[in-house]
Amino acid sequence: MATSLHLPISISATSSSSLRARNTRKFAAFCSINAKAKVKIPIPPINPKDPFLSRLSSVAANSPETLLNRPVQNSDSLPYLDLFDEPKLMATPAQVERSVSYNEHRPRKPPPDLPSLLLHGRIVYIGMPLVPAVTELVVAELMYLQWMDPKQPIYIYINSTGTTRDDGETVGMESEGFAIYDAMMQLKNEIHTVAVGAAIGQACLLLSAGTKGKRFMMPHAKAMIQQPRVPSSGLMPASDVLIRAKEVMTNRDILIKLLAKHTGNSVEAVTNVMRRPYYMDSTTAKEFGVIDKILWRGQEKIMADVASPEEWDKKAGVKVVDELSL
C-alpha cells in the first residue's frame with residue numbers, strides 16, 4: 001500500500017505530463033479499492049486545534065472519492081485548486097482593472113492630457129521659456145500636424161519669455177528658438193500666431209514668423225525684443241568667455257536679420273531699437289510690423305462706427321486752423 005502511493009521525486013520535463021496522469025489513475029484506483037474494502041487511509045499527524053485540517057483529514061479518510069470528483073464550474077461556484085495541474089493565473093491585474101465589476105465608474109482608459117486635447121484642435125501652445133523640453137514638444141507637434149493634414153492651418157499660441165526668465169536670467173540657448181523657427185519655415189501649412197500674455201526675445205521672433213496676415217495679438221499682451229544674453233560664466237576661463245561672447249554676437253546678428261525680414265523694417269532700424277529692451281503693446285507691435293491684427297471681439301464694428309477726428313471737430317463746431325497760415 002505504501003509503495004503504491006510512492007511518487008518519484010525527480011521528474012523529467014518530457015515525461016512530467018504522462019507521469020502526472022499515471023499517478024492520478026493510481027491514486028483514483030487506490031481510493032476506490034480502499035473505499036470498497038473499508039480500509040482507512042493513514043492520516044499524518046495534524047494540529048488538533050486546527051478545525052479545518054481536522055475536517056479535511058476526516059473527509060479524506062472516510063470518503064476520499066469526494067475529493068476526486070471535480071465540481072462543474074459555473075458562475076455560482078467558487079474556483080477550486082487543482083492538485084494535479086499547474087496553477088494558472090485567473091486574470092492579469094490589467095484585466096481586473098479594466099473589468100466593469102472592479103468599478104463600474106472607473107474609466108476604461110486614462111483621460112487625455114490638455115496638450116493632446118489642444119493638439120486635436122490643431123493648436124500648439126507655447127506657455128513656458130524655450131528650454132530643450134519645450135522645443136522638443138513644439139517641433140514634434142508641428143511635424144505631426146503637418147503629417148495629419150498639410151492643408152489645414154496650424155495655430156500657435158505664444159506666452160513665453162523666450163530663452164530667458166522674467167528676471168533676465170538665461171535658461172536656454174538661442175538655438176532653441178531658432179529650432180522652432182526653422183521648423184515653422186519648413187511647414188507647408190499656414191501658421192496663425194497669437195500672442196497671449198507676453199512674447200519676449202525669441203518668442204517675439206516666432207510671433208512675427210507666422211503667415212503674413214495671420215499674425216495676431218491680444219489687446220493687453222506685450223511683445224519685447226532684446227539682445228541675447230551671455231550665460232553665467234563664473235567658472236569659465238577667459239578664453240572660453242570670449243568664445244561664448246562671439247557666439248552670442250552671432251546669434252544677435254541672426255535675430256536682427258530675421259526680425260527685419262518678418263517685420264518689414266530695415267536692419268538698421270531693428271538694431272537701433274534692440275540696443276535696449278524694446279517693449280511693445282499691441283498697437284505698437286502692429287505699427288512695428290510684428291503682428292497684422294489685434295484680436296478684440298467686435299472691434300471691427302466698433303471701429304467702423306467711430307468717426308474720424310475731423311468729423312468730431314466739425315460736429316463740435318471747432319474750426320481747424322491751418323498751421324501754414326499762422
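Because only heavy atoms are used, hydrogens play no part in the values below, and waters and symmetry mates are left out as well, while side chains stay in. Since the model is a prediction, treat every value here as computed from it, not as a measurement.
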Could you tell me which non-hydrogen atom of [X] sits nearest to which non-hydrogen atom of [Y], and how far apart they are?
| X | Y | value |
| --- | --- | --- |
| G177 | L130 | CA-CD1, 3.8 Å |
| S282 | I294 | OG-CD1, 3.7 Å |
| M217 | A223 | CE-N, 3.5 Å |
| A203 | S160 | CB-O, 3.6 Å |
| V194 | M218 | CG1-CE, 4.2 Å |
| V134 | P129 | CG2-O, 3.5 Å |

| So V124 and L118, side chain to side chain contact (heavy atoms under 4.5 Å, CB included) or not? Walk me through it. | CA-CA 7 Å; V124 177; L118 294 178; over 6 Å; no
Does [X] reach the main-chain N or O of [Y] with its side chain, forming a donor-acceptor pair under 3.5 Å?
| X | Y | value |
| --- | --- | --- |
| N189 | P153 | no |
| T170 | G172 | no |
| D292 | K212 | no |
| R122 | Y155 | no |
| R215 | G289 | yes |
| S266 | A269 | yes |
| T193 | L207 | yes |
| T161 | T164 | yes |

| task | Quick one: name the residues clustered hydrophobically with M224, using the 4.5 Å side-chain heavy-atom rule over I, L, V, M, F, W, Y, and just say none if it's on its own. | result | I200, Y279
What about [X] and [Y], same hydrophobic cluster or not, with Ile/Leu/Val/Met/Phe/Trp/Tyr joined at side-chain heavy-atom distances under 4.5 Å?
| X | Y | answer |
| --- | --- | --- |
| M249 | V273 | no |
| V248 | L242 | no |
| I126 | M173 | no |

Are the side chains of [X] and [Y] in touch, meaning some heavy atoms are under 4.5 Å apart?
| X | Y | result |
| --- | --- | --- |
| T163 | V131 | no |
| R275 | N272 | yes |
| E247 | I243 | no |
| I180 | V139 | yes |
| T135 | L137 | no |
| N265 | F288 | yes |
| S208 | I291 | no |

| Pairs satisfying side-chain hydrogen bond (donor to acceptor under 3.5 Å, both in side chains), at least one member in residues 220-230, at least two apart | Q226-R229
| message | Regarding D281 and T284, do their side chains bring together a donor and an acceptor under 3.5 Å, going by distance alone? | response | yes
| query | Are Q202 and E176 close enough that a side-chain donor and a side-chain acceptor fall under 3.5 Å? | reply | no
| said: Walk me through whether H262 and Y181 qualify under ring-ring contact (aromatic ring centres under 6.0 Å, His included). | reply: CA-CA 12 Å; H262 291 285; Y181 172 82; 5.5 Å; yes
When rounded to the nearest 0.5 angstrom, what distance separates [atom1] in [X] from [atom2] in [Y]?
| X | Y | atom1 | atom2 | answer |
| --- | --- | --- | --- | --- |
| L187 | L145 | CG | CG | 8.5 Å |
| K188 | K151 | NZ | NZ | 10.5 Å |
| T271 | K257 | OG1 | NZ | 10.0 Å |

| What residues form a ring-ring contact (aromatic ring centres under 6.0 Å, His included) with Y125, not counting sequence neighbours? | none
| query | side chain to side chain contact (heavy atoms under 4.5 Å, CB included) between L119 and Y144: does it pass, once the steps are laid out? | reply | CA-CA 9 Å; L119 190 65; Y144 173 76; 3.8 Å; yes
| Residues H192, I154; criterion side chain to side chain contact (heavy atoms under 4.5 Å, CB included); working and verdict | CA-CA 6 Å; H192 299 198; I154 299 174; over 6 Å; no
